[in-house]
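Counting starts at 1 for both ligands and their atoms, following the listed order.
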Amino acid sequence: MDGDRQSRLLIGKRVALGVTGSIAAYKAVSLLRALTKAGASVSVVMTKAATKFVTPMTFEVLSGQAVTTDLFEAHHEMKHLSIPEQADAIVVAPATASFLAKAAVGLADDVLSTMLLTTRCPLIIAPAMDGDMWTHPTVQEHVGTLRSRGAIILDPEEGPLASGQIAQGRLAGEFRIREAVEQALLPRLDFKGQRVLISAGPTQEAIDPVRYISNRSSGKMGYALAEAARNRGAEVTLVTGPVSLPVPAGVLVIHVTTAQEMAAAMSAHFEWSTVVVMAAAVADFRPKEVALHKLKKGAQAAPTLELEPAPDILAMLSAKRTSQILVGFAAETQNLLAHAQTKLVAKGLDLIVANDVTQKGAGFGSDRNAAVILSRTGEQQPLSLRLKSEMAHDILSAIVQFPRTIQGTNSPTSVS
Ligand code: PMT
């Protein structure tokens with residue numbers, strides 16, 4: 001990859017730059033300049049110790065943004081949440097041994113360490129310390145832990161250190177750090193070649209020409225999945241109930257109203273698909289008869305609504321599947337895991353995303369969701385409260401990792 005292409009990758013990206021208390025903190029100043037020159041918008045977060053080496057003012061002037069140093073500062077917004085939520089990548093350079101330890105065990109006692117517990121974006125860590133510290137088993141154990149969780153750790157370089165020692169401990173070069181950020185921001189195309197069929201939104205079951213039975217689904221979860229799958233290279237078909245969301249570009253969208261219509265549209269595209277995700281909140285029951293004319297208030301008692309089961313779309317698709325990966329959702333208000341497990345088995349699914357729709361700030365209509373992904377093979381992956389756009393990516397990653405046992409193959413699934 002040539003230098004020009006790399007620099008374009010950072011244009012318009014938001015990078016959070018964490019600076020900790022190492023003598024190499026001064027090098028973060030020129031890293032900041034390199035990142036902003038490449039087009040990134042950089043928010044700097046400093047630990048207290050870092051401010052002993054370089055003043056926040058230096059970073060403030062060069063980044064053109066306020067520098068965050070204190071978890072307890074009186075801010076209008078909660079910086080430990082808002083910075084990582086908006087960031088495309090977090091870079092910690094230089095990272096001390098103390099920072100690595102805190103990050104590895106999840107000790108959140110300042111803004112930077114707290115941010116790490118709230119972020120889902122790529123994390124790049126460039127340690128700098130004395131050579132003996134770097135090779136100490138405790139530090140190496142923490143590095144291993146962080147790597148196993150997906151952090152990109154740039155091993156320090158060998159050379160003269162502040163102690164006078166010549167050893168491995170120097171902060172990785174600015175170019176290496178910038179390149180790592182660029183690599184981390186490259187679009188993931190792990191769904192290239194996959195055909196993903198997604199359902200979203202509610203269904204409406206008519207009672208008469210003006211009334212219907214429906215639910216509170218906004219379609220946000222399903223639409224977020226469609227956009228994430230498209231961004232990861234998939235061809236996407238989205239079957240949607242009535243919602244008021246903009247149609248995602250580059251996605252084939254089929255509008256339906258009833259469970260019956262959704263069943264027909266999902267069936268029609270099922271054979272084409274390699275992955276199916278039912279995020280729609282489909283009616284379980286519908287009026288047995290739809291009145292031809294508006295039901296009138298009259299002298300007689302209120303009418304009784306007789307219901308009949310609506311088609312169970314997932315069960316129907318599961319019965320005719322060939323090699324598709326089948327993913328359902330479970331919207332529960334109690335006994336989340338037990339009910340979701342029952343649905344996983346009863347509907348013949350590979351994965352089910354169990355969401356407790358009574359949780360505050362999650363579920364129907366919200367921009368965020370919290371869930372546990374259960375797999376047919378017995379794994380459970382809790383997903384704490386996060387944006388639906390982030391959860392969509394987590395669900396897709398779980399699909400990528402799901403072991404394909406369909407049609408007798410036991411090798412790990414790669415949908416790429
Ligand atoms: O749309 P949002 O406002 O963003 O909210 C998201 C959501 C809460 C709707 C979503 O995350 C969710 O939980 N969707 C599934 C809702 C639901 O119908 O759950 P269920 O437990 O009743 O159904 C279990 C599974 O069977 C679901 O995948 C459902 O799509 C499917 N189903 C249900 C009924 C039916 N007749 N046919 C089906 O295929």
Neighbouring residues of ligand 1, heavy-atom cut-off under 4.0 Å: S217, S218, G219, K220, M221, M278, A279, A280, A281, V282, A283, D284, P311, D312, I313, L314, G328, F329, A330, A331, K343, K347, N355, V357, G363, F364, G365, N369, K388
In plain terms, say whether R14 and D88 are close enough for a salt bridge, that is, a side-chain N and a carboxylate O under 4.0 Å apart. no
Residues in side chain to side chain donor-acceptor pair (under 3.5 Å) contact with R33, at least two apart in sequence or another chain: none
By side chain to side chain donor-acceptor pair (under 3.5 Å) - contacts of Q260 (at least two apart): R286
Would you call F99 and L116 a side-chain contact if the rule is heavy atoms closer than 4.5 Å? yes
Give a yes-or-no answer on whether the side chains of T138 and Q140 include a donor-acceptor pair shorter than 3.5 Å. no
Mind checking side chain to side chain donor-acceptor pair (under 3.5 Å) for D155 and listing every partner two or more places apart, or none if nothing turns up? R147
